[in-house]
Structures are given as C-alpha cells and as structure tokens.
Amino acid sequence: MTKELETLLTELYVLIDDHVVEPPSGRGRRPVLSDAELLTVAQMLLGFDCERRWIRHAHHSVELRALFPYIPGQSDYNKRVRAARGLLCKAIQTLARISPSWFDDLWITDATPVPCGMSRETVKRSDLAGRAGYGYCASHSRFYWRLKLYLVCAGDGMPIMWCLANPKLGEREVVTARHCQVVWCAAVFGALSSC
C-alpha cells in the first residue's frame, strides 16, 4: 500500500467520523470495528469486487492490519455492510457535496432502456405492470417493455441524480417532473425526497 492511499484512507476516516456517523450513545459494548472504520475500509479502492477475496487479502495484509486492527470474517462483514447501507449513502452524498462539480451550472442527462420482461405472460404477472411500459428505442430500432433509466451528471461525469421512469415519457418531462410520472428518483442515493 502506498503512502498516498494511507493518507487518503486517513482523511476519509476523519471526514466520515466527523460528518456522517453519529457519536455513540447509550449503554452496551462498543463494536470492535466502528461504523466509521467500516465505511472507510477500502475494498473498492483496492479493486476487490468479491467480499471473500477482500477479507482474505485484508487478513493477510500487514499494511491494512496496521490501519484496521480488527477486520471481521466474511459473514460478519457482509452483515455490517448491509446494516450500514444508510450510512454508506450518507457518506457518498457527503463526498459528492464537497466536490467542486456538485455546484456546476451545466448538468447533462442521458437515458437507456432497462429490460423488465420479454414475454407477454411476464408483462401480465410482473409487479412492474403499472410502472413499466412499451417504448421505442431508436438506437436498437425496436419496441420494448421496460423502464428507462435517466441519469443526470455534472460536466466531469459525477452523478447528480437518477430515476427510473416510463419509457413513453421524454427526457425533458422526466427531468422537470416532480412526482406522479416518475417511478423512483434519487439525488446521489436518496437525497432527493420530493419524487
């Protein structure tokens, strides 16, 4: 591990501990691995998309053991990460808000179809029957029964918000819509609650 990565992890830990994680309150034992440490663990920064490989690497890495004295086993790690999903979203939102591109005047949007079903029976039985719809994809020259994923990004590519909507709606209607037509939208994992 390089000194730059160690510095990045230290700064990330301080930011998460100060602005994301609430100070512990109440009685009981404190976890050996705090929530701030859990969110700082650099699984994705180091290129590990498999939790088992990551845990195996973390247990054998002297540099990571120096930064994180206790790293749980794979099943405990998985449970803690799933339980900390809200904190992870808050951490991503905090990092996005302190980046300079969050305040850009220019936002770019694009859309792509998301398949929901292929057969007529699937269309009838699906839980998305009221939300998904038939639409035309000009790039593939075909009709489809799907939702459409809309992504709004800053000029440098940082995602600002995204939503899933009926494919019959145009990009302008979806971007300006506040409710009723949009199936679900979020500004960086859940910050936009008005949709």
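For L12, the side-chain contact (heavy atoms from CB on, under 4.5 Å) criterion is met by I16, T40, L95, not counting sequence neighbours. Taking the ring-ring contact (aromatic ring centres under 6.0 Å, His included) definition, one finds that H57 meets it with F48, sequence neighbours left out. Evaluation of the side-chain contact (heavy atoms from CB on, under 4.5 Å) rule for L149 yields T112, V114, W162, L164 as partners, not counting sequence neighbours. With sequence neighbours excluded, the residues forming a side-chain contact (heavy atoms from CB on, under 4.5 Å) with S101 are S99, D104, A154, D156, M158, listed by chain and number. Partners of F103 according to the side-chain contact (heavy atoms from CB on, under 4.5 Å) rule, which considers only residues two or more places apart in sequence or in another chain, do not exist here.
If you take CG on L106 and CD1 on I108, they are separated by 5.0 Å, rounding to the nearest 0.5 Å. In this structure, CG in L9 is found 11.5 Å from CD in E4, a value given to the nearest 0.5 Å. Atoms CD and CZ, from Q93 and R97 in turn, are 4.5 Å apart once rounded to the nearest 0.5 Å.
Heavy atoms only, all atoms of each residue included: V32 and E37 are closest at O-OE1, 3.8 Å. The shortest non-hydrogen separation linking P72 to I55 is O-CD1, 3.6 Å. Scanning both residues, L64 and A58, for their nearest heavy atoms gives CD1-CA, 4.0 Å.
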Report all side-chain donor-acceptor pairs from residues 79-87 shorter than 3.5 Å, counting only partners two or more places apart or in another chain.
from : atom 1 : to  : atom 2 : distance (Å)
R80  : NH1    : L33 : O      : 3.0
R80  : NH2    : L33 : O      : 2.8
R80  : NH2    : D35 : OD1    : 3.0
R82  : NE     : N78 : OD1    : 2.8

Verdict with supporting geometry, S34 and V21, side chain to side chain contact (heavy atoms under 4.5 Å, CB included)
CA-CA 9 Å; S34 71; V21 177; over 6 Å; no

Mind running side chain to side chain contact (heavy atoms under 4.5 Å, CB included) on V152 and D110 for me, showing each step along the way?
CA-CA 7 Å; V152 178; D110 196 13; over 6 Å; no

Would H59 and R65 count as a side chain to side chain contact (heavy atoms under 4.5 Å, CB included) if you check the C-alpha gap in whole Å, the side-chain angles of each, and the deciding distance to 0.1 Å?
CA-CA 7 Å; H59 280 282; R65 298 293 284 187; 3.5 Å; yes

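At a threshold of 4.5 Å between side-chain heavy atoms, the hydrophobic network of Ile, Leu, Val, Met, Phe, Trp and Tyr places W54 and F68 in one connected group. L151 is connected to L147 through a chain of hydrophobic side-chain contacts under 4.5 Å among Ile, Leu, Val, Met, Phe, Trp and Tyr, so both are in one cluster. Residues V20 and L15 share a hydrophobic cluster, clusters being chains of Ile/Leu/Val/Met/Phe/Trp/Tyr side chains in contact below 4.5 Å. L8 and L67 fall within a single hydrophobic cluster, where Ile, Leu, Val, Met, Phe, Trp and Tyr are joined by side-chain heavy atoms under 4.5 Å apart, directly or via other members. L5 and V14 fall into different hydrophobic clusters, defined by Ile, Leu, Val, Met, Phe, Trp and Tyr side-chain heavy atoms under 4.5 Å apart, directly or through other members.
Applying the salt bridge (Lys or Arg N to Asp or Glu O under 4.0 Å) definition to pairs two or more places apart or across chains, those involving residues 9-23 are E22-K90. The stretch residues 68-77 participates, sequence neighbours left out, in these side chain to side chain donor-acceptor pair (under 3.5 Å) pairs: Q43-Y77, E51-Q74.
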